[in-house]
Number of protein chains: 2
Amino acid sequence: MGKRIAFFGPAGTYTEEAALRYDSGAELQAFPTIAAVGHAVSSGITEEGVVPIENSLEGSVTYTLDLLISQSGLAIWQEIVLPIDHYLMAKPGARTEDVQVIYSHPQALGQCRKFLERCFPQAQQMASLSTVAAVLDMKASAVPAAAIAPRRAAELHGAAIIAQSIQDYPNNVTRFVVLARTDHEPTGRDKTSICFSYDQDAPSLLFRALGEFARMGINLAKVESRPTKEVLGRYIFLIDCEGHRSDPNVAEALAGLQRQVSMLKVLGSYPRWGA
Amino acid sequence: MGKRIAFFGPAGTYTEEAALRYDSGAELQAFPTIAAVGHAVSSGITEEGVVPIENSLEGSVTYTLDLLISQSGLAIWQEIVLPIDHYLMAKPGARTEDVQVIYSHPQALGQCRKFLERCFPQAQQMASLSTVAAVLDMKASAVPAAAIAPRRAAELHGAAIIAQSIQDYPNNVTRFVVLARTDHEPTGRDKTSICFSYDQDAPSLLFRALGEFARMGINLAKVESRPTKEVLGRYIFLIDCEGHRSDPNVAEALAGLQRQVSMLKVLGSYPRWGA
């Protein structure tokens, strides 16, 4: 029996595809929200959990960032990068020219906006809670409908594919993280994700914070801000840097940063994807 | 006849509320997307346009950032900050205990998650394309339903309010911007929004960029990154700083920045809200 891995479900999502790519022998278990995947891992229901963290078109998945910021007992153990291909699907035998309604998650509808304007200018766009829910909404629709969803959802739910790779931008890639109760041991080709905040208005202090990394010659892969949810204009900063937190230069930068900020949390050190 | 102002509609949204707060004598015109508001302004259909840009819980409205980054002939003319109050509403005469389905935009459902778990643990949550669409979906529902939407949507569509201020966090505030074809003249209490990018991997260069502002003693109100939509890990940075672009210190920082980056765009200088 393989390792138990939670994923942001239901079955048929891109996240399931990422989990299968990461470990095809694992026992996958779907959870309905990103927070539920976090709880499954921190409470020991599963050893690991897979959630999306960033898309090349949409930017960060804020639920995942907020989970990593606020939940204890969770660390990033791995990253997975997966190309995202959107498929248009309908009930078997349906005729393309009859389609009156197109279901998908609002983000997927947005990523296929130009395709829909060009090929289905008259169809009504309807929001679904996920791309997989869109397939079920499409199947339940009384009027001729289609759904935008992953290929795997068509296989699981017996839908017929009408068109493939319908996203407007060719470089649609999503980065997922594997959550576990600890982060990964050093491999020599690692990344470290951290978050930090200040108990005063912060962005001018960010310059000093970045200086700690510059001084130690550490490359940053990402700098981002999230609202604290307390006051508009006060932020939590998230940084991905090269190296493992146990590398001497990273450890020294983190120690310097610790002296400047009111909160510092290492979200995990883990191997770089494809390195 | 007042000034013509486009807003991200339909009527009844928080954006309409912000537009009314900004200029109650204007002739307001609803547009179906944020991009359509931008086109209305840049093409001269309306003098100005109001769109949301940042929420204290959810972070930035990425459609608005992407519009400002990519569309020419648009500048930020003003900012408006509005508290967001979510209301639960149903058909007049409906009984709270009968509610089986709750409609709203996924973001509003997320902002009321704890309220819904506590008060409506059995109700099914359904996605709508906007909070106003949720009121129409609720009214069209065959089973007893409720919707989460702004107070104004209840007034416009004849819904009865069941509960008010149901959001989980008390500090739910949205910042809107008024778009025009030019930005605002200096008032002595201004902000400037810019974006910039590099034609190489960027985040380590951000430290040097922030140095230009630190050197001139300019406070930053915000630092943020957006994907370029070309390569995962390459970003466009957005900075809000204090001062007007025509102030000597801001002008010098921008000139210094111009020498470092491959693209720099001033999105506008405008008066600080409440200053």
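Residue numbers begin at 1 in each chain, while the letters A, B, ... track the order of the sequences.
Residues A:Phe237 and B:Val223 approach most closely at CE2-O, 4.5 Å, considering heavy atoms. Contact between A:Ser56 and B:Pro227 at its shortest, heavy atoms only, is O-CB, 3.1 Å. Listed here is the closest heavy atom pair of B:Gly110 and A:Tyr63: CA-OH, 4.2 Å.
In this structure, CG on B:Leu205 lies 9.0 Å from CG on A:Asn219, to the nearest 0.5 angstrom. The line from CG of B:Asp137 to CE of A:Met126 is 6.0 Å long, rounded to the nearest 0.5 Å. Separation of atoms CZ (A:Phe207) and CZ (B:Arg215) is listed at 10.0 Å; rounding is to 0.5 Å.
Heavy atoms of A:Asn55 lying under 4.5 Å from chain B belong exclusively to its backbone. Residue contact with chain B, scored on non-hydrogen atoms closer than 4.5 Å, involves the backbone of A:Ser128 exclusively. For a residue to count as touching a neighbouring chain, one of its non-hydrogen atoms must lie under 4.5 Å from one of that chain's; by this rule A:Phe213 does not touch chain B.
Counting heavy atoms from C-beta outward, B:Leu220 and A:Leu206 have side chains that stay 4.5 Å or more apart.
Ranked by heavy-atom pairs shorter than 4.5 Å toward chain B, the options A:Cys241, A:Ala209, A:Gly211 are led by A:Gly211. Taking chain B as the reference chain and counting heavy-atom pairs below 4.5 Å, the highest number among A:His105, A:Arg226, A:Gln125, A:Glu224 is found for A:Arg226.
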